[in-house]
Every structure is written in structure tokens, then in C-alpha cells.
Amino acid sequence: MGVMIRHYSNKELAVSSLSLLSSSSSSSSAKSVKDFGNFLLPLKIENRVLFPDHVLLLVSGGKKDGVMKNSTAKELECVYFGKNVLNRHKNDSVNFSVQKVISVDEYDEFRSIIRCPLPYSNYSADANLRWADKDGILGVDRKKWLLLNNQTSCSWENVAYSGVLDGDTAVVFVKGLNLRADRLSDPRQFSCHFGLGKSDKNERYLIRTMALSAAQEVVRCSLPRSIQKNPDKLQGIRVTVGLRHQFRAGARNLVLMPSVAKVFDPGSERKKRSEEKYELCVCTMVWNQASAIREWIMYHSWLGVERWFVYDNNSDDEIDKVIQELDLENYNVTRHVWPWIKTQEAGFSHCALRAKDECNWVSFMDVDEYFYFPYSTPRHQRFRKLGYAGQNSLCALVSNFSSISRTIAEIRTSCHSFGPSGLNLPPSQGVTVGYTCRLQSPERHKSIVRPDALDSSLLNVVHHFHLKKGFKYLNLPQSMAIINHYKYQVWEVFRAKFYRRVATYVADWRENQNEGSRDRAPGLGTEAIEPPDWPQRFCEVWDTGLRDFVLSNLADLSTGLLPWEAKSGLTD
């Protein structure tokens, strides 16, 4: 993959279509004759990425505005050719198989994602597409189409998958560098290679700059001076990460891996409002949290969160519809499709850049984590008079730190881990009311950060970021605030965790690694088998504080329904 940055008259940068940079690859495209909404659909498969459980296709076209909807999945089929077919362009009766498309999703304003199943063992993973009621692939004569079957899939373990333009630098997100967790790496071994032009076959890397920082999956390079001085004269820019010694050796292929999925200017996404930034925003990464996200957003919005960035990591439970509903209800939620598996740290770095122009503070947390003010200390007279922290209290908290200190850039809050609390079924009123028993000692913490004070490497370990020199973090005392982490819910919910973990450096549940660490459930092995005493586990302290707080402050006085219950009642 490669990044193309297109320059418009207003000098802002926006995304353009991508192309593969590998000399062995070429994009396959064709115009279909299928009609949706009275206009033709030119479709182009720009990239293929092979994941452990599916093949991802980045496709441009398919709709007047360039984005296909999931309903289009019913109209398309995935096509795979047999591995034993050597001279496909000479064979009219090619061995191929057809499977249904898993899903279609938007990726950006220009492209869509089409997910195809893995092929059968004797077929190539280089999935192609055809309309379900057509004999030709994408409406093209089969023999002619076979000439375009040279493009190969990128291995997920060795691909640069996204990128962000940040001021006069390019930030590239890369799988396959194998850099250590929570450690800065020597950037001198990497360089960024910038290419010009639209032709995939004749792609040349004309300019290179050395990497400024490299950490985990994030590499930052300066933009070439010629690009900074003459941005309006360039039609397109591609950038990829390469090893420094490859350039010195004069290798023809300077690309360590196919490059970047998306570049954008974070400032261009900021909504037109006043000149002031949002005081408090939240960034999260989710997989199949449609049933939980409404309660989480409504509750924290009551506490003062003004803006939400939801990174959707391959959900298939229609969470996009829930997010659309919440945004229409003025909760200011946007969904960002993030199909890259096991990249939570990089996703949070990506979100930090995205939110920098919009937000003074950003909380990085999961959908099963809830801020809670258990009681007030003598130093907080206003909270003491109320008995509880009031509405917008979380926003007020971070705002106070903005006014009293220029150096505090991260606020860390301890987490209490809650268990199933004797339940066998998900609580009908939500997790805040249903789960009331927890472990006695807190586990870890989560952070609210100032995105403008983060280290340029964007290094983080999910729980907290590294800060620029001169800035510091503050641990909130548990008497002031705590996070209720509903980590061990009823087995029906917890079992889904065995599918895959999102953090890069944390072993999946089924892997026999780190079984004694806090990344694992104590006493639970590598199989999704419910222990007979699961409902009673992780219960050392009965804690009804947040339940009482929610019922006292958020329930409707006439019906007794909580906000997320009331909405569910209307939609059921």
C-alpha cells in the first residue's frame, strides 16, 4: 500500500486513493454494469491484506460518493483461483471457487472495505470480486480479467497500514518492525521514502528523509524541504518506511513493506464551532460493543465528556447504527473504521494526533470502564455539599488542572475490577447497576492526557503515554476518583474475549503465555470453558456506590428508567 497526499487550493491535505508500491503488484480495476441508484459503478481493488481469519480488500468506487454500504455485500461474491493454475491468461476454463462476502464497510470518503472469507486450502488467498448474478469478474470478460490477476495479498505481519500528516512530519504506522514494547528504538536504522506520481508500475522513490523517532509500531519522519516549500505543485505523494542499509546498498526495492493506508490533517476534521477546543474528549477501541456503548457514552456525557472518538476494530454487531443514533442525539460521537488487528497502542497514538487540534484533554479507556467519584474529601467542599460529585464533574476536574498547573499533562486513575456478582445473565439495567462485587485491591490505572504534551514518539502502553520533557503525571487519590472496571462480567459476555485481544504486546487468551500475569483471568486457562463457580468469582468486596449514584442521579423520576433503558424500550 502507499499513501497519496493530494493538495487542494486551500492548502489542506486530504486523502486520495492508494496504490501498491511493490514491483510485483498491480492494481486490478474494471467498470461494472451493475446499476445502483441510476449510476454506473466503477470498482477498483486497490489493496489486499491477508489476516488470520479473513482477506481485507480496499476498494474504491461502488457508489456515487465513493463509499459502498453493507447492503452491497449481498450483491458481491469473493472469487479465488486454484493454486495449481500457472498460466491463467492462457486457460479459458480456470479452476476457481466462489464464497459470499462477509461484510462491506466504509474506510474513508474515497474507499470501502470488503471482507472476504479465507479461501479453501487449494486456492490462492488473492481474493477477487464479481457481481453475484454475473459470470464475469466485476462485469469483465473472464479471459480479459485473468490478465489482471498478478496482484498479491500483503501479509498482515509485514505491512505499513496507516499514516498521519502532523505538521511538517509524516507519521507512519507499521507492522513487522518487531520493536520492543514501551521502549524507544534507534530511529537511525529507518528512513521514509517519498514517491511521486500515480503509476504503480513506474513508482520511484525520489526523496528520502531519516526517521526522527521509532517506537513500537510508529515511525515519524520529517517531510522533505521541497515538499514543504512547494506543496501546491505536487499532484501526489507516497511515503513508505525502509531500512537505512537498503538505501545505501542501492537495492531496487527500497520498500521494507507495502505502505500506508491513510493520511489526513487532524485539523481538517475539527467541527466548525467556536475557536475554543473541547475541554474533555474520550478515545476508545471497540469490537462488538453495540450492546454496551450506549450506557457508557450516556453516563460519561453526564459527567462532562464533550467529544467521542470510537475506533471500530472489525465489529459485526451493527455498532455503526448505534453510534449514528447517538450522534443524532447530540452526543458528538464519530466512528473511525480501524480494521488493523492487535494494534490498540498504535490506534491510541493515531487518535491522539487526530484529537490534538480538537481537545484539551483526552481520556483513553475501554467501554467497560467507568469513572466514579466515591466520596468527597474536606478539600472539595462543593462536592461534599452535594453528597455526590455532580453533573459535568469529570470535565470540571480536568479543567481545574488546566488552570492550576502548566506542567501536569496526565491524570492517572486507579481501577477496581468487578466480577460477575453472582449473576448468570447480563444485567437488564446495565453494568453500572448490575455488577456490585469486586476485588479488594485496585488493578492498574487509566489516564487522561493533554495531547499537545505527548512525546513526539507517541509511545504508550494503553494505560498511559510518555510525555514531553518538562511535563509530569499525577495519580489521583482513590478518595477523589476511581474507575470501576467491569472486567469479569457474566460468562456469556466474558467468553467473547477469547476471540482475540486488541493490544499488540499482550498474548491472546488461547496462547499459553503469561498465564500468571494481570493480563489473564486468575485461575482461567486458555480455553473458553466456563468454570462452574464463575458467577461467584472475583468477589471480595460488595460495592454498590456507583449503582446508588446512577439510580439517584440518572433515573427518570416518573418512570424510574435509566436513559439507556428508555431508549432501548423505544427501539425494541
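For this chain, numbers begin at 1 and follow the sequence in order. Owing to the predicted nature of the structure, the values given are computational and were not obtained by experimental measurement.
Not one N or O on the side chain of Glu279 forms a donor-acceptor pair closer than 3.5 Å with the backbone of Asn360. At distances below 3.5 Å, at least one donor-acceptor pair connects side-chain atoms of Ser447 with backbone N or O atoms of His463. Asn288 contributes a side-chain N or O that, together with a main-chain N or O of Asp316, makes up a donor-acceptor pair within less than 3.5 Å. Side-chain atoms of Asp105 never come within 3.5 Å of backbone atoms of Ser112 as a donor-acceptor pair (strictly under, hydrogens ignored). When atom types are taken as modelled, the side chain of Arg115 and the backbone of His54 share no donor-acceptor pair closer than 3.5 angstrom. Remark: side-chain polar atoms of Ser399 are not paired, donor with acceptor, to backbone N or O of Cys395 under 3.5 angstrom. A distance-only check finds a donor-acceptor pair linking the side chain of Glu410 to the backbone of Phe465 [under 3.5 Å].
The distance from the NE2 atom of His466 to the CG atom of Leu459 is 4.0 Å, given to the nearest 0.5 Å. With rounding to the nearest 0.5 Å, the separation of CD in Glu306 from NZ in Lys277 is 13.0 Å. The distance from the CG atom of Asp368 to the CD1 atom of Ile293 is 12.0 Å, given to the nearest 0.5 Å. Interatomic distance, Asn128 CG to Leu57 CG, rounded to the nearest 0.5 Å: 8.0 Å. Atom SG of Cys154 and atom CZ of Arg48 lie 9.5 Å apart (nearest 0.5 Å). Note that CD1 of Ile114 is 7.5 Å distant from SG of Cys78, once rounded to the nearest 0.5 Å.
Shortest non-hydrogen contact noted between Ala346 and Phe173 is O-CE2, 3.4 Å. The two residues Ser191 and Cys221 come nearest to each other via the heavy atoms C-SG, 4.2 Å. Closest non-hydrogen pair, Ser402 versus Trp361, comes out as OG-NE1, 2.6 Å. The two atoms that bring Leu56 and Pro339 nearest to each other are CD1-CB, 3.5 Å, heavy atoms only. Ala355 and Pro451 make their closest contact through O-CG, 4.4 Å (heavy atoms, listed as atom of the first residue, atom of the second, distance).
Counting only N and O atoms by type, the side chains of Ser315 and Asp312 include a donor and acceptor under 3.5 Å apart. Ser349 and Asn460 share a side-chain donor-acceptor pair at under 3.5 Å.
His336 pairs with exactly one of Trp308, Tyr311, Phe348 by the ring pair (Phe, Tyr, Trp, His ring centres under 6.0 Å) rule, that one being Tyr311. Of the candidates Lys487, Lys446, Arg444, Lys446 is the only one forming a salt bridge (charged side-chain N to carboxylate O under 4.0 Å, His left out) with Asp366.
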Salt bridge (charged side-chain N to carboxylate O under 4.0 Å, His left out) for Glu157 and Lys175? Distances and angles first, verdict last.
CA-CA 6 Å; Glu157 297 298 327; Lys175 271 281 187 189; 5.7 Å; no

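Within 6.0 Å of CZ on Phe51 lie more than 12 heavy atoms contributed by other residues, nucleotides or ligands.
Taking the six-membered ring for Trp and thresholds of 30 and 60 degrees, Trp338 and Tyr161 have ring planes more than 60 degrees apart, a perpendicular arrangement.
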